[in-house]
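Take a look at the structure set out below.
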Amino acid sequence: MPRPVRIAASILSADFARLGEEVRAVDAAGADWIHLDIMDGHFVPNISMGPAVVKALRPHTAKPFDVHLMISPVDAYLDAFAAAGADTLTVHPEAGPHIHRSLQHIKALGKRAGVVLNPGTPAKMLDYLLELVDLVLVMSVNPGFGGQHFIDGQLKKIAAIRAMIDKAGRPIDLEVDGGVDAENARRCIEAGADALVAGTSVFRGGAAHYAANIAALRAT
Ligand code: DX5
Ligand code: ZN
């Protein structure tokens with residue numbers, strides 16, 4: 001039975017000089033979620049945006065803000081991103097000493113809690129976390145930059161996590177992030193993903209193309 005697939009537009013590929021307008025454009029073009037990549041130049045080699053930018057964008061759309069935190073140590077910033085308007089806060093197990101505590105903290109803030117696995121991080125990391133999370137994000141590139149090549153080997157991990165989620169028997173989103181395009185989107189969905197992050201493949205060609213770009217990711 002086909003699952004509905006949510007498209008999370010990563011604004012890392014948007015025009016940073018016109019971010020509000022870009023968020024409104026991908027909202028109108030049919031994106032389900034807005035994916036915000038938060039990078040600190042320490043956990044990952046790139047620097048992107050902080051809570052002030054998330055807060056400034058909040059009035060531009062009613063769509064959920066899917067906030068991917070690539071910052072370390074992460075715990076001290078959870079409150080700020082929650083207050084800025086995040087709906088889901090997703091953290092890497094490597095970004096702090098106590099991933100379970102970080103996820104508990106996010107739930108205590110009343111937000112959806114996500115955990116994200118780097119390409120080298122095994123699915124087994126989730127064994128004692130699934131009971132706490134609303135979303136699992138599988139990185140199909142090493143985090144830090146948009147426009148990288150999709151790592152096919154992660155499809156096996158997506159399938160393994162799909163089985164774990166089905167066994168857990170509660171609603172947990174399974175999202176994929178990195179190098180997702182219209183071709184590999186189908187394979188991600190077949191492996192069990194139900195949410196796809198896309199930056200390059202959504203923003204390619206400018207605003208006139210956003211709706212078709214998003215529709216192409218859904219067509220399986
Ligand atoms: C990479 C980010 C991704 C990135 C995806 O560290 O987590 O969300 O923006 O961009 P594309 O779709 O261009 O790979
Ligand atoms: Zn991301």
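When a ligand or atom number is given, it counts from 1 through the structure's own listing order. Only heavy atoms go into these numbers, but all of them, side chains included; no hydrogens, no water, no symmetry mates.
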Quiz item: Could R24 and D27 be called an ion pair, given the rule that one side-chain N must be under 4.0 Å from one carboxylate O?
Solution: no
Quiz item: Nearest non-hydrogen atom to atom 10 (O) of ligand 1 belongs to which of G146, G178, A8?
Solution: G146
Quiz item: Short list, please: which atoms of ligand 1 are under 4.0 Å from a heavy atom of L12?
Solution: 9 (O)
Quiz item: Heavy atoms only: which of S140, G144, S48 is nearest to atom 6 (O) of ligand 1?
Solution: G144
Quiz item: Is D32 paired with K63 through a side-chain N to carboxylate O contact shorter than 4.0 Å?
Solution: no
Quiz item: With the Zn ion (ligand 2) at the apex, how many degrees lie between OD1 of D37 and NE2 of H35, rounded to 10 degrees?
Solution: 90°
Self-check item: Nearest heavy atoms of V176 and C188, plus distance in Å
Solution: CG1-SG, 3.9 Å
Quiz item: Is it true that a side-chain atom of N184 and a backbone atom of D181 form a donor plus acceptor pair closer than 3.5 Å?
Solution: yes
Quiz item: What is the nearest protein non-hydrogen atom to atom 9 (O) of ligand 1, stated with its residue, atom name and distance?
Solution: S10 OG, 2.8 Å
Exercise. For Q148 and N142, indicate whether the former's side chain and the latter's backbone hold a donor-acceptor pair under 3.5 Å.
Key: yes
Quiz item: Any sub-3.5 Å donor-acceptor pair from R58's side-chain atoms to A84's backbone N or O?
Solution: no
Quiz item: Angle at the Zn ion (ligand 2) between OD2 of D177 and ND1 of H68, to 10°?
Solution: 90°
Exercise. For N213 and R204, indicate whether the former's side chain and the latter's backbone hold a donor-acceptor pair under 3.5 Å.
Key: yes
Quiz prompt | Distance filter under 4.0 Å to M139 heavy atoms, resulting ligand 1 atoms | solution = 7 (O)
Quiz item: Any N or O of N142 that comes nearer than 3.5 Å to an N or O of ligand 1?
Solution: no
Self-check item: atom 1 (C) of ligand 1: the protein heavy-atom neighbour that sits closest, reported with distance to 0.1 Å
Solution: F145 O, 3.5 Å
Quiz item: Hey, which atoms in ligand 1 end up nearer than 4.0 Å to a heavy atom of H35?
Solution: 8 (O)
Exercise. Run down the list P143, A9, G179 and name the one with the heavy atom closest to atom 14 (O) of ligand 1.
Key: G179
Quiz item: atom 12 (O) of ligand 1: which protein heavy atom is closest, and how many Å away?
Solution: G199 N, 2.8 Å
Practice problem: Mind telling me whether H68 and H92 have parallel, tilted or perpendicular rings, with 30° and 60° as the class edges? | Solution: parallel
Quiz item: For ligand 1, which part of A198 has a heavy atom less than 4.0 Å away: the side chain, the backbone, both, or neither?
Solution: backbone
Practice problem: Among L89, D134, V133, find the residue that satisfies the side-chain contact (heavy atoms from CB on, under 4.5 Å) test when tested with K107. | Solution: D134
Practice problem: Could you see which bit of T200 sits under 4.0 Å from ligand 1, with heavy atoms only: side chain, backbone, both or neither? | Solution: both
Quiz item: Under 4.0 Å between a Lys/Arg side-chain N and an Asp/Glu carboxylate O for R6 and D173?
Solution: yes
Quiz item: Looking only at distance, does H68 have an N or O less than 3.5 Å from an N or O of ligand 1?
Solution: yes
Quiz prompt | Close approach, F150 and ligand 1, non-hydrogen under 4.0 angstrom | solution = no
Quiz prompt | M39: numbered ligand 1 atoms lying under 4.0 Å from its heavy atoms | solution = 6 (O)
Self-check item: Identity and distance of the protein heavy atom lying nearest atom 2 (C) of ligand 1
Solution: D37 OD1, 3.4 Å
Self-check item: Numbered atoms of ligand 1 (with element) below 4.0 Å of G147, judged on heavy atoms
Solution: 11 (P), 13 (O), 14 (O)
Practice problem: For side chain to side chain donor-acceptor pair (under 3.5 Å), just list the numbers for D66 and T88, CA-CA rounded to whole Å, side-chain angles, deciding distance to a tenth of an Å, and then say yes or no. | Solution: CA-CA 5 Å; D66 179 33; T88 304; 4.6 Å; no
Quiz prompt | Backbone N/O of S102 and side chain of D75: donor-acceptor pair under 3.5 Å | solution = no
Quiz item: Within the distance-only criterion (no hydrogens, no angle test), does the side chain of N118 pair as donor or acceptor with the backbone N or O of M139 below 3.5 angstrom?
Solution: no
Quiz item: Which of the numbered atoms in ligand 1 are below 4.0 angstrom from a heavy atom of V197?
Solution: 8 (O)
Practice problem: Identify which of N46, D177, I38 has a heavy atom lying nearest to atom 8 (O) of ligand 1. | Solution: D177
